[in-house]
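Taking it in order: structure first as structure tokens, then the write-up.
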Amino acid sequence: ITQISDTIAQPLKHPELGKATALEAEYRRRLTRYYLTDHQLQQKYGVTFAEFEQTQVRASADHSWEADSDAIAWETATDGIETMQRQLYLKI
């Protein structure tokens, strides 16, 4: 007979707990991805997203398509960070 740990068995006993745990794990995964994108773009441009938007770094960049693409990804990441943090703190 194979035994399973309480960590695995608990969501099976209480399906709603399993859903909440899976949802929290997904929020944390997304939050990590958004933080990584934010960090990579801060390193690339040497500024925060707010500074990037204020100083129009994007408009003066040599590769405007690349800068525009980065701006979209960066804005998505910063919005995603706020959203995921809010969802995690609400503990949905």
Side-chain angles (χ1 to χ4, degrees):
I1 296 176
T2 303
Q3 293 186 355
I4 58 174
S5 71
D6 287 339
T7 304
I8 295 170
Q10 197 66 8
L12 298 174
K13 294 176 187 174
H14 305 283
E16 291 304 313
L17 178 61
K19 288 179 188 175
T21 302
L23 186 59
E24 183 177 341
E26 177 62 16
Y27 287 157
R28 290 186 186 284
R29 184 192 69 75
R30 289 182 187 184
L31 184 60
T32 300
R33 188 183 76 214
Y34 293 141
Y35 274 130
L36 179 62
T37 299
D38 181 49
H39 177 74
Q40 289 172 334
L41 291 169
Q42 281 186 38
Q43 293 296 310
K44 181 176 183 176
Y45 291 98
V47 295
T48 65
F49 179 67
E51 293 166 334
F52 179 84
E53 287 291 294
Q54 281 181 341
T55 60
Q56 302 271 329
V57 170
R58 157 171 80 171
S60 65
D62 291 336
H63 305 291
S64 62
W65 182 88
E66 181 181 4
D68 283 342
S69 178
D70 286 346
I72 292 167
W74 208 347
E75 183 173 22
T76 300
T78 56
D79 289 345
I81 289 168
E82 291 175 19
T83 301
M84 292 302 104
Q85 286 177 334
R86 189 172 46 251
Q87 294 300 330
L88 285 167
Y89 291 128
L90 291 175
K91 299 197 181 203
I92 291 181

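Along the sequence shown, the residues carry numbers beginning at 1.
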For this session: Step by step, work out the side chain to side chain contact (heavy atoms under 4.5 Å, CB included) result for Ile72 and Glu75.
Result: CA-CA 5 Å; Ile72 292 167; Glu75 183 173 22; 5.8 Å; no
Exercise. Picking from Asp38, Thr48, Thr37, Thr83, what satisfies side-chain contact (heavy atoms from CB on, under 4.5 Å) with Thr78?
Worked result: Asp38
For this session: Identify whether Leu36 and Met84 are in the same connected component of the hydrophobic contact network (ILVMFWY, side-chain heavy atoms under 4.5 Å).
Result: no
For this session: To the nearest 0.5 Å, tell me how far Leu31 CG sits from Gln87 CD.
Result: 11.5 Å
For this session: Without swapping roles, check the side chain of Ser69 against the backbone of Trp65 for a donor-acceptor pair under 3.5 Å.
Result: no
Exercise. Hey, are the side chains of Phe52 and Gln42 touching, using non-hydrogen atoms and a 4.5 Å cut-off?
Worked result: no
Seminar exercise, completed: Rounding to 0.5 Å, atoms CZ (Phe49) and CD (Gln54) come to a distance of 10.5 Å
Problem set entry | Arg30/Glu26 salt bridge by N-O under 4.0 Å criterion | yes
Problem set entry | Close side-chain approach of Lys44 to Leu41, heavy-atom, < 4.5 Å | yes
Exercise. Nearest 0.5 Å, what's the OH-CG distance between Tyr27 and Leu88?
Worked result: 8.0 Å
For this session: With side chain to side chain contact (heavy atoms under 4.5 Å, CB included) as the test, would you mind laying out the steps for Tyr45 and Asp70 before giving the verdict?
Result: CA-CA 10 Å; Tyr45 291 98; Asp70 286 346; 2.6 Å; yes
